[in-house]
Colleague: 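First the structure, which I've put down as structure tokens, then a few questions once you've had a look.
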Amino acid sequence: MGPDREQSAAGRGRIDMSLLKQCKQRVSDVIEHESGQLHALSQDIWKAPELAYQEHAAHHLLTSFFSSRAWEVQAHYHLDTAFRAQWTSEPSDSPRLHVAFLCEYDALPGLGHACGHNLIAEVSVAAALGLRGALESVHPPRQIQITVLGTPAEEDGGGKVDLIKAGAFEDMDVVFMAHPAQDDAAYLPDIAVHDVTVKYYGKASHAAAYPWEGINALDAAILAYNNISVLRQQMQPSWRVHGVIKHGGVKPNIIPSYTELEFYLRAPSRKDLAELQEKASACFSAAATATGCKVELCSSSHDYYNVLPNKTLAQAYIENGKQLGMQFTTNDQVLNALSGSTDFGNVTFEVPGIHPYFFIGSEALNHTEEYTKAAGSDEAQYYTLRTAKSLAMTALDVIFNPDLLQSIRHDWKMMKQMEEEMNSGIANKARESSSGAGCASC
Ligand SMILES: NCCC[C@H](NC(=O)CCN)C(=O)O
């Protein structure tokens with residue numbers, strides 16, 4: 001049953017609080033019981049880091065884990081390294097409610113699991129096991145489907161966007177995942193991102209004998225980088241642009257005939273992102289004009305959207321987390337800071353969801369060697385499993401309290417409507433600023 005369909009008849013009536021409490025206790029017990037296996041799973045993923053769309057070992061570990069526990073597994077679900085594992089409770093008269101937990105398991109080049117995606121996988125697996133264990137011990141108020149969706153390529157590419165396009169989220173009611181960070185927070189602003197590769201084509205020549213015969217693609221790259229730096233002065237404080245030079249030429253005595261840069265452009269909304277994209281494109285083109293190079297802009301096929309907050313889900317998560325001893329940050333600098341981007345943002349435009357951040361027992365910062373170490377540490381386990389319990393308990397609240405679900409849907413519709421009104425008319429603008437690129441190779 002999708003979020004747009006009302007479920008007036010579904011499980012209406014008083015909430016059985018003692019049954020709900022019993023189920024929450026069972027969630028904790030099951031997760032504790034499985035803690036050794038869950039730790040081993042997360043360690044195995046952590047020890048063999050794999051890049052986006054190439055997470056074959058992690059995919060095998062996760063699909064084998066679910067198959068061995070009698071979950072129904074679709075191993076290569078639309079993508080080679082995606083999967084879908086599901087369990088459904090006994091049929092009932094009320095319509096089925098479908099909750100999903102999303103796993104990520106890709107790593108970063110050179111750094112391994114410096115964003116702790118091994119722990120994201122562990123949280124969702126643990127939450128799903130806990131929730132199933134709880135529901136198997138009672139008669140839930142309606143039929144429940146639990147899905148664990150293995151979503152590859154968050155760090156690069158956007159596997160969730162591929163899965164959205166394939167219809168993977170169409171029948172889901174609420175989706176859950178959690179991301180490692182430095183603090184516990186039910187919501188931190190994840191912003192929209194557009195990835196672009198900039199290629200400059202010049203002409204090689206002997207750099208000492210007849211440099212005037214050359215067209216210097218490295219000069220274009222440097223100008224592009226500096227044009228962006230100058231643009232930074234006039235950027236909104238909430239915008240972010242960062243880039244690297246991936247190819248800068250081969251030898252000082254050869255005028256570089258080819259250079260390549262990769263930039264991430266970010267803004268809190270897709271509307272702002274379209275504006276930023278237009279300005280950045282002008283910087284890249286100007287560098288080509290100044291040097292006589294040809295430029296090609298290759299956009300990644302999937303932009304990530306900002307994450308839509310859901311205050312009802314966030315509140316339920318906070319209440320459960322507090323019961324488990326979480327101390328949610330009240331630091332405005334953390335709560336209003338931009339935490340990066342995620343393809344979960346696109347998911348929140350399809351179905352209501354929550355993407356809380358969680359402390360892992362370390363002050364280390366994401367995307368550093370120290371964070372890789374922290375994500376593989378024994379200390380992270382307590383916090384990871386606590387987060388899983390809080391997610392599963394929040395799912396129980398949704399299952400047992402139909403009014404909560406209505407309120408979640410209401411929040412989601414309001415947020416989505418607001419975003420859509422704000423974003424109306426941007427589609428063409430964004431398309432125009434990446435047009436002329438015509439890059440088939442990226
Ligand atoms: N090009 C996509 C980059 C995604 C990446 N994601 C994370 O770091 C996960 C935390 N939200 C990013 O740079 O934001």
Side-chain angles (χ1 to χ4, degrees), residues 45 49-55 102-121 123-124 151-164 175-198 238-244 246 261-270 273 276-277 280 297-309 334-348 353-360 364-372 374-375 387 434 442:
I45 297 172
E50 298 162 303
L51 299 183
Y53 294 115
Q54 293 163 35
E55 313 94 329
L102 309 190
C103 291
E104 289 174 5
Y105 32 86
D106 60 330
L108 287 156
L111 283 176
H113 277 290
C115 213
H117 290 191
N118 59 308
L119 301 179
I120 296 180
V123 163
S124 281
T151 67
E154 191 279 335
E155 290 293 353
D156 200 8
K160 292 183 197 63
V161 189
D162 297 315
L163 291 173
I164 288 169
V175 293
F176 299 87
M177 69 169 273
H179 199 294
Q182 290 69 46
D183 293 281
D184 282 306
Y187 170 80
L188 294 178
D190 271 293
I191 59 180
V193 67
H194 173 81
D195 299 1
V196 60
T197 298
V198 186
S238 56
W239 294 2
R240 296 283 183 275
V241 180
H242 26 260
V244 291
K246 298 197 86 173
L261 305 97
E262 193 178 350
F263 278 92
Y264 291 174
L265 317 177
R266 307 193 202 226
S269 68
R270 280 185 279 152
L273 189 60
L276 174 58
Q277 204 178 321
L297 302 184
C298 307
S299 296
S300 135
S301 50
H302 304 323
D303 284 355
Y304 292 4
Y305 300 171
N306 46 304
V307 171
L308 291 183
V334 174
L335 291 170
N336 299 321
L338 310 170
S339 63
S341 310
T342 167
D343 53 1
F344 190 87
N346 303 55
V347 174
T348 61
I354 185 168
H355 179 273
Y357 282 88
F358 64 100
F359 177 62
I360 64 166
L365 300 175
N366 295 55
H367 292 204
T368 64
E369 283 170 9
E370 293 75 24
Y371 208 81
T372 304
T387 302
S434 58
C442 302

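All of these numbers come straight from a predicted model, not from anything done at the bench. Both ligands and their constituent atoms are indexed starting at 1 by order of listing. Residue numbers start at 1 and run along the sequence shown.
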Colleague: Give me the residue, atom name and distance of the protein heavy atom closest to atom 1 (N) of ligand 1.
Modeller: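 Atom 1 (N) of ligand 1 sits closest to the protein heavy atom D195 OD2, 2.8 Å.
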Colleague: To the closest 0.5 Å, what do you measure between CG (N346) and CG (L163)?
Modeller: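 Between atom CG of N346 and atom CG of L163 there are 11.5 Å.
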Colleague: Mark yes or no for whether E55, through its side chain, and A153, through its backbone, hold a donor-acceptor pair below 3.5 Å.
Modeller: yes
Colleague: Taking atom 9 (C) of ligand 1 as the point of reference, which of H179, H194, H302 owns the nearest heavy atom?
Modeller: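 The residue whose heavy atom sits nearest atom 9 (C) of ligand 1 is H179.
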Colleague: Give me the ring orientation class for H355 and F344: parallel if the planes are under 30° apart, tilted from 30 to 60°, perpendicular past 60°.
Modeller: tilted
Colleague: Which residue holds the protein heavy atom closest to atom 2 (C) of ligand 1, what is that atom called, and what is the gap in Å?
Modeller: Y304 CE2, 3.5 Å
Colleague: Find all atoms of ligand 1 within a distance of less than 4.0 Å from any non-hydrogen atom belonging to Y357, and give their numbers and elements.
Modeller: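 With Y357 as reference, the close atoms of ligand 1 come out as 11 (N).
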Colleague: With atoms numbered from 1 as shown, which atoms in ligand 1 lie under 4.0 angstrom from a non-hydrogen atom of R266?
Modeller: 12 (C), 13 (O), 14 (O)
Colleague: Can a donor-acceptor pair be found, under 3.5 Å and without considering hydrogens, that links the side chain of T151 to the backbone of C103?
Modeller: yes
Colleague: Could you tell me whether a side-chain N or O of T342 sits under 3.5 Å from a main-chain N or O of G345, the two making a donor and an acceptor?
Modeller: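 Answer holds: no.
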Colleague: Report, in ascending order of atom number, the atoms of ligand 1 lying under 4.0 Å from any heavy atom of H367.
Modeller: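 This gives 8 (O) as the contact atoms.
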Colleague: Quick one: nearest non-hydrogen protein atom to atom 3 (C) of ligand 1, plus distance?
Modeller: E155 O, 3.7 Å
Colleague: Under 4.0 Å from any heavy atom of G340, which atoms of ligand 1 are there?
Modeller: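 Selected atoms, number and element: 14 (O).
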Colleague: Identify the protein heavy atom lying closest to atom 11 (N) of ligand 1, giving its residue, its atom name and the separation to 0.1 Å.
Modeller: S341 O, 3.0 Å
Colleague: Supply the atom-to-atom distance F176 CZ to L102 CG, rounded to the nearest 0.5 angstrom.
Modeller: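 The CG atom of L102 is 10.0 Å from CZ of F176, to the nearest 0.5 Å.
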Colleague: Name the orientation class of the two ring planes belonging to H242 and Y264 (parallel below 30°, tilted from 30 to 60°, perpendicular beyond 60°).
Modeller: perpendicular
Colleague: Check each heavy atom of D190 against ligand 1 and say whether those closer than 4.0 Å belong to the side chain, the backbone, both or neither.
Modeller: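 Answer for D190: side chain.
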Colleague: Purely on distance, is any nitrogen or oxygen of E154 under 3.5 Å from one on ligand 1?
Modeller: yes
Colleague: Determine the minimum heavy-atom distance between I164 and V347, stating which atoms define it.
Modeller: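 Shortest heavy-atom contact: CD1-N, 3.7 Å.
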